[in-house]
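Structure first, commentary second.
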Amino acid sequence: MRRIGNAAKVVVLGVWLLITLFPLYWIVVTSLKPKPEIFSMPLRYWPGNVTFEHYEELFSFADFGAYLLNSLLVSLVAAGVVTAIGVLGGYTLARFAFPGRGALMLAFLVTQMIPLFIALGPLYLLMSDLDLLNRLAGLMLVYVAMLVPFSTIIMRGFYERVPVALEEAAQVDGASRLVAMVRVVIPVMLPGIAATFIFAFVQCWNELFLAITFIDSEDAKTIPVAMNSFITQYDIDWGSMAAATVISVLPTLVLFAAIRRYIVEGLTAGAVKG
Amino acid sequence: MRLFTARRARFIALCLLPGVVFVTLFTYYPMIRGTIIAFQRYNLFDITSTPFVGLENFRAVLSEERFWTALRNTGTWVVVSLFFQFFLGFGLALLLRRHFRGRGLYQAWVFFPWAMSGFLIGLLWRWMFNGQFGVINDLLLKTGLIDQRIGFLATPGWAMTSVIVANIWYGVTFFAIMIMAALQSVPKELYEAADVDGASRLRQFWHVTLPHIRPTLALIVLLRIIWILNFPDLIYSMTGGGPAGSTDIITTFLIQQVIGGDYGRAGAVGLLILGLLLSFSVFYLNATRFEKSR
């Protein structure tokens with residue numbers, strides 16, 4: 001009985017793994033097929049003649065390298081600022097009781113429940129007033145604002161797992177609060193900090209609606225904006241699109257695999273504790 | 001936890017200041033401005049006069065057939081996606097509950113859709129559901145389930161089914177992992193006690209596991225309802241709300257208003273969504289609390 005149960009379990013888990021991975025496999029295969037093979041019947045389930053022409057096309061015709069750099073710059077800077085703000089804010093929220101703390105937590109949590117694009121129009125007006133349309137700096141500012149609540153809340157959670165006694169000991173030894181924080185607490189939290197940074201990076205890397213609202217000029221496009229402009233109503237160059245998908249998903253896959261444990265921990269802890 | 005004293009006020013303020021400034025300026029300020037705009041005539045292409053028009057924008061939105069279609073579609077989109085994500089996720093969570101060799105690796109692999117953006121997922125499935133060269137048509141033909149290709153994304157009924165299938169694919173694993181965490185929060189002693197009493201696996205599940213994780217499940221479900229409703233990304237790149245508005249949900253409808261430049265109406269739709277979510281959440285929380293205390 002138990003053996004049958006185990007076999008069934010393996011089969012079910014295997015089938016789900018297959019269902020999960022097949023779309024990824026399919027997009028990789030598509031990106032490696034020469035154009036006639038993509039649009040010919042019968043479908044080939046593995047590429048007969050592997051070609052990198054779609055990748056080359058992206059970089060020679062579409063200036064994909066520039067979009068990559070834009071995305072990289074925006075995501076790195078925004079994620080760095082978001083993480084730094086989270087490290088500071090999370091510390092005070094975890095370690096001090098002060099008037100308005102509950103209200104602040106609530107104000108941050110509410111922004112997580114309400115999607116930012118309800119404010120999409122007014123944000124456009126604000127960006128236009130500040131002369132930040134079509135600028136990577138404008139995008140960075142909005143991304144930071146979008147992710148600060150998350151980074152602060154999750155950092156607070158990580159701080160709460162570090163015993164207060166640890167930094168108190170350092171303070172007894174004569175270190176100031178700031179020194180105690182930098183020397184004693186931060187090192188213990190490094191994995192959590194790295195996870196927050198990567199999560200923020202991936203969010204910025206993937207973000208679409210804010211970017212297509214604010215960015216229109218060729219030299220400020222990020223990858224999602226560029227890919228969005230590849231889409232026309234009836235015709236998509238699927239070879240190039242598949243290649244662009246593979247390129248844009250590769251870094252996030254690697255990074256996400258690295259921090260999956262922390263993200264799951266952070267999110268589920270938040271949900272379970274309510 | 002240390003108490004608040006005047007000496008520490010400056011340190012606290014300095015640490016919190018950057019975050020508060022960002023969120024106030026780029027989240028709360030635009031939200032408040034959007035609320036005000038909802039009661040103005042505010043079209044991006046003519047902002048020389050933006051008079052207050054009372055409930056005019058709401059009236060205009062509510063009298064639009066497309067709004068009501070989007071609202072009905074939102075119901076289908078949320079309920080069907082949630083149903084499958086929940087039950088498939090629950091099943092997966094039960095299978096993953098006990099430790100086995102390679103579990104971590106398995107989780108890492110099945111978790112990967114969650115690293116993708118909704119936009120990319122939409123593209124991926126748009127390609128697979130392609131009416132002519134799509135692999136799904138090919139597989140269905142090969143297995144003999146259909147005898148001619150289906151224009152999945154070009155046929156109104158099929159289009160909604162297709163976006164929901166993609167959404168289920170995306171959401172199951174995350175649901176599974178949340179539920180798995182909830183399952184692991186059940187104290188082991190409870191099962192030991194149940195074992196001593198000779199309760200079967202099924203009875204243990206029904207009388208120990210379920211009651212214990214019910215509050216968590218209720219919360220996860222609420223969060224996911226809000227989240228699925230607010231997830232236009234996948235639909236945006238997969239069908240763009242088409243054909244003929246058959247995959248429009250309320251949030252893609254909102255985005256169309258923004259792209260169309262009518263910020264007054266967009267504000268009105270935003271407030272309607274907010275009102276809908278808030279009243280639903282209050283109703284839902286009351287209902288689940290009632291359920292718990294019974």
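Letters A, B, ... mirror the listed sequences (proteins, then strands); counts begin at 1.
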Please state whether the side chain, the backbone, both or neither of B/D262 comes within less than 4.5 Å of a heavy atom of chain A. neither
What part of B/I37 gets closer than 4.5 Å to chain A, counting heavy atoms only: side chain, backbone, both or neither? side chain
Go through the atoms of A/L17 and report whether side chain, backbone, both or neither lie under 4.5 Å from a heavy atom of chain B. both
Among B/R149, B/Q257, B/Q132, residue most engaged with chain A (heavy-atom pairs, under 4.5 Å): B/R149
Which answer fits A/T92, side chain, backbone, both or neither, if we ask what part of it has an atom under 4.5 Å from a heavy atom of chain B? side chain
Are side-chain heavy atoms of B/M31 and A/V110 found at a separation under 4.5 Å? no
Side chain, backbone, both or neither of A/S151 within contact of chain B (heavy atoms, under 4.5 Å): neither
So which of A/F108, A/W205, A/Y45 has the largest heavy-atom pair count under 4.5 angstrom toward chain B? A/Y45
Given heavy-atom pairs under 4.5 angstrom as the criterion, report whether the side chain, backbone, both or neither of A/A244 touches chain B. neither
Proximity breakdown for A/T111 and chain B, heavy-atom pairs closer than 4.5 Å: both
Between A/V142, A/V148, A/T213, A/T30, which has the largest tally of heavy atom pairs under 4.5 Å with chain B? A/T30
Should the ring pair B/W227 and B/F231 be called parallel, tilted or perpendicular, given that the plane angle runs from 0 to 90° and is split at 30 and 60? parallel
Part of A/I212 within contact of chain B (heavy atom distance under 4.5 Å): side chain
Does the side chain of B/N130 reach to within under 4.5 Å of the side chain of A/W238, using non-hydrogen atoms? yes
Given heavy-atom pairs under 4.5 angstrom as the criterion, report whether the side chain, backbone, both or neither of A/I38 touches chain B. both
So which of B/V258, B/L124, B/L274 has the biggest tally of heavy-atom pairs under 4.5 Å with chain A? B/L124
Check each atom of B/L139 against the heavy atoms of chain A and say whether the ones under 4.5 Å are side chain, backbone, both or neither. both
Contact class of B/I36 relative to chain A, heavy atoms under 4.5 angstrom: neither
Any donor-acceptor N or O pair under 3.5 Å, side chains A/N228, B/Y236: yes
Under 4.5 Å from any heavy atom of chain A, what part of B/I255 do you find: side chain, backbone, both or neither? side chain
Checked A/S40, A/P224, A/P23 vs chain B; the most non-hydrogen pairs under 4.5 Å come from A/P23
Please state whether the rings of B/F174 and B/F111 are parallel, tilted or perpendicular, taking 30° and 60° as the class boundaries. tilted
Quick check on the interface: out of B/L14, B/T27, B/I226, who has the most heavy-atom pairs with chain A under 4.5 Å? B/T27
For chain A, the option from B/T173, B/L25, B/L44 that forms the most heavy-atom pairs under 4.5 Å: B/L44
Which bit of A/M127 is near chain B, if near means a heavy-atom gap under 4.5 Å: side chain, backbone, both or neither? side chain
Side chain proximity check, A/Y159 to A/M181, heavy atoms < 4.5 angstrom: yes
Count the heavy-atom pairs under 4.5 Å between each of A/A107, A/P42, A/G86 and chain B, then report the option with the highest count. A/A107
Who wins among B/W109, B/Y106, B/W125 for the most heavy-atom pairs under 4.5 Å with chain A? B/Y106
Max heavy-atom pairs within cutoff under 4.5 Å with chain A, candidates B/A266, B/G104, B/G91, goes to B/G104
